[in-house]
Participant: 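Dumping the structure here so I can ask a few things about it.
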There are 2 protein chains.
Amino acid sequence: MRIRTATDLGAFIRERRTTLGLDQISLAKKAGTSRKWLVEVEQGKPGAEIGLILRTLKSLEISIDLEADSSVATPPPGKPKAPDINSVLDSLKTRPLKKQI
Amino acid sequence: MRIRTATDLGAFIRERRTTLGLDQISLAKKAGTSRKWLVEVEQGKPGAEIGLILRTLKSLEISIDLEADSSVATPPPGKPKAPDINSVLDSLKTRPLKKQI
DNA sequence: CGAGATAGTAACCGAACGGTGACATATTGT
DNA sequence: ACAATATGTCACCGTTCGGTTACTATCTCG
């Protein structure tokens with residue numbers, strides 16, 4: 001996926017996370033960060049630095065591409081995980097089942 | 001170029017900058033940042049946030065690719081710039097003409 | 001040699017970040 | 001209905017970041 005903004009980055013991370021069947025806590029722990037930070041990134045909040053990076057690359061006309069290494073779900077060898085239909089649906093809906101009022 | 005560390009990122013930015021015949025001040029101004037920050041990034045100093053981003057993407061097995069949009073030097077239309085042989089040499093040497101002692 | 005340009009470095013400082021912990025909301029399963 | 005899980009949000013706070021402003025070193029050109 002071509003990344004242009006912090007929102008792009010957040011969307012891609014979230015999509016990949018749900019596809020892998022991970023919750024925010026698990027990923028935060030894996031990455032050595034906090035859930036708060038992950039929430040902000042997934043929402044596209046441009047932290048100071050990432051904003052500067054994106055602007056710099058733009059100034060240099062450099063494009064950023066992110067790619068999930070293995071097609072759909074490739075949990076680290078040894079952890080089958082079996083993300084069933086639910087996680088796939090989640091990744092499609094990003095969680096719009098909220099209230100619908 | 002496949003980006004794996006902050007050092008990769010810095011090297012790529014610096015290479016692209018010199019290829020375009022820009023000095024740190026010009027790029028910093030273009031990107032809306034400071035020369036200090038640019039120096040640190042080019043040296044591969046992983047700011048807090050970029051480190052987290054890289055770790056997160058790694059945790060999700062996402063790969064990052066950077067690509068200079070136009071082959072060699074494509075200054076924004078209207079600014080020919082004409083980077084002569086010198087900048088090309090610079091990009092090859094990264095500035096090892098220092099002292100050589 | 002001297003002037004100019006570019007890059008690396010340092011100290012200072014206000015602002016923003018990132019972590020922690022708690023709470024609210026929403027969805028799922030029993 | 002209830003508990004459990006997951007996400008979003010908030011306040012607090014220590015740390016670090018990023019900008020500014022010097023100063024130095026190196027290289028180039030006249």
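Lettering of chains follows the sequences in order, A, B, ..., and the numbering in each one begins at 1.
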Participant: Minimum heavy-atom separation for A:Arg2 and A:Asp65, please, with both atom names.
Facilitator: NE-OD1, 2.8 Å

Participant: Are A:Leu27 and B:Ser59 packed together at the side-chain level, in the sense that at least one heavy-atom pair is separated by less than 4.5 angstrom?
Facilitator: yes

Participant: I want to check one thing: is the phosphate of C:dG19, taken as OP1 and OP2, less than 4.0 Å away from some side-chain N or O of A:Thr33?
Facilitator: yes

Participant: For a 4.5 angstrom cut-off between non-hydrogen side-chain atoms, does A:Asp23 reach A:Thr18?
Facilitator: no

Participant: Using whole Å, what does the distance between atom C1' of nucleotide C:dA16 and atom CD1 of B:Ile50 come to?
Facilitator: 17 Å

Participant: Answer yes or no: does a side-chain N or O of B:Arg14 lie under 4.0 Å from OP1 or OP2 of C:dG8?
Facilitator: yes

Participant: Send over the distance from A:Leu22 CG to D:dT5 P, rounded to a whole Å.
Facilitator: 17 Å

Participant: Quick one: label B:Glu49 by what it contacts on the DNA or RNA (base, sugar-phosphate, nothing), any heavy atom closer than 4.0 Å.
Facilitator: sugar-phosphate

Participant: Are any of B:Gln43's side-chain N or O atoms less than 4.0 Å away from OP1 or OP2 of C:dT9?
Facilitator: yes

Participant: Between A:Leu38 (CG) and C:dC17 (P), how many Å, whole number?
Facilitator: 16 Å

Participant: Regarding A:Glu40, tell me which of base, sugar-phosphate or nothing describes its non-hydrogen contacts under 4.0 Å with the strands shown.
Facilitator: nothing

Participant: Can you check whether A:Arg17 has a side-chain N or O nearer than 4.0 Å to OP1 or OP2 of D:dT7?
Facilitator: yes

Participant: Grab the NZ-C1' distance between A:Lys45 and C:dC17 for me, whole Å please.
Facilitator: 7 Å

Participant: Would you say A:Lys36 places a side-chain N or O within less than 4.0 Å of OP1 or OP2 belonging to D:dT7?
Facilitator: no

Participant: Are OP1 or OP2 of C:dG8 and a side-chain N or O of B:Gln24 less than 4.0 angstrom apart?
Facilitator: yes

Participant: If we only count heavy atoms from C-beta on, is the A:Lys58 to A:Leu54 side-chain gap below 4.5 Å?
Facilitator: no

Participant: In whole angstroms, how far is the C1' atom of D:dT7 from the CD atom of A:Glu42?
Facilitator: 9 Å

Participant: Please state how far atom CG in B:Asp23 lies from atom P in C:dA5, giving the value in whole angstrom units.
Facilitator: 11 Å

Participant: 5'-most contact on DNA chain C: B:Ile25 or A:Trp37, nearest heavy atom basis?
Facilitator: B:Ile25

Participant: Would you mind reading off the distance between A:Ile53 atom CD1 and D:dC17 atom P, rounded to a whole angstrom?
Facilitator: 13 Å

Participant: Are side-chain heavy atoms of A:Lys45 and A:Val41 found at a separation under 4.5 Å?
Facilitator: no

Participant: A:Arg35 has an atom CZ; how far is it from atom P of D:dT7, in whole Å?
Facilitator: 8 Å

